[in-house]
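Take a look at the structure below.
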Amino acid sequence: MRISSKEALQKLATTDSPFHTLFEHGTLSVEIYKPEQVDLQQPHTRDEVYVVVSGTGEFLNDGVRTDFGPGDFLFVPAGVVHRFENFTADFTTWVLFYGPEGGESNQDK
């Protein structure tokens, strides 16, 4: 299985949404995300990973602000407030949701 960022962006261009689900397997869901000017997302119910495809900006994650750029890996636990800010027009990222509702840290051991 292979999906290039170019293919993902072509699929995204056919929607009226800033994100598009490209692959699902078990608890894993892979999306491409390209917000325009403002990131309006709310906390998610599952753990989440971003891998930045292109662009730069700032990532606010649970009150901590970090610069980001292409190739960067960003992790957000389920339920945590986060968003991308001050990003360039070419900003695009892969989004990977996985695990149970509430996140893995809430699983009984």
>> Determine whether W94 and I3 satisfy the following criterion, side-chain contact (heavy atoms from CB on, under 4.5 Å), listing intermediate values before the conclusion.
In response: CA-CA 11 Å; W94 293 106; I3 303 171; 4.1 Å; yes
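- Contact between P35 and V38 at its shortest, heavy atoms only, is CB-O, 3.9 Å.
- When all heavy atoms of G69 and D72 are compared, the pair lying nearest together is N-OD2, 2.8 Å.
- Between V53 and S5, the shortest heavy-atom distance links the atoms CG1-CB, 3.8 Å.
- When the salt bridge (Lys or Arg N to Asp or Glu O under 4.0 Å) test is applied to E58, the partners found at least two apart in sequence or on another chain are R65.
- To the nearest 0.5 Å, atom CZ of residue R2 and atom CZ of residue F23 are 14.5 Å apart.
- Using cut-offs of 30° and 60° for the angle between ring planes, the F87 and F91 rings count as tilted.
- T93 contributes atom OG1, which lies 10.0 Å from atom OH of Y33 (distance to the nearest 0.5 angstrom).
- When all heavy atoms of G103 and A78 are compared, the closest pair comes out as N-CB, 3.6 Å.
- No side-chain heavy atom of V76 sits less than 4.5 Å from a side-chain heavy atom of H44.
- When each of L74, L96, V30 is tested with V49 by the rule side-chain contact (heavy atoms from CB on, under 4.5 Å), just one qualifies, namely L96.
- Under the 4.5 Å side-chain heavy-atom criterion for grouping Ile, Leu, Val, Met, Phe, Trp and Tyr, L28 is connected to F73 within one hydrophobic cluster.
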>> side-chain contact (heavy atoms from CB on, under 4.5 Å), that's the test. Do L22 and I32 meet it? Break it down for me.
In response: CA-CA 7 Å; L22 300 161; I32 191 77; 3.9 Å; yes
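- The closest side-chain heavy-atom distance from F75 to V80 is not below 4.5 Å.
- Distance OH/Y98 to CG/D47: 4.0 Å, rounded to 0.5 Å.
- Residues F68 and F84 place their aromatic rings such that the two centres sit under 6.0 Å apart.
- Using a 4.5 Å heavy-atom cutoff, the side chains of H25 and M1 are not in contact.
- Counting heavy atoms from C-beta on, the side chains of K34 and H20 never come closer than 4.5 Å.
- The shortest heavy-atom contact between R46 and S29 is NH2-CB, 3.7 Å.
- Transitive grouping of hydrophobic side chains (ILVMFWY, heavy atoms separated by less than 4.5 Å) keeps L12 and V95 in distinct clusters.
- For the residue pair T56 and P70, the shortest heavy atom distance occurs at CG2-CD, 4.2 Å.
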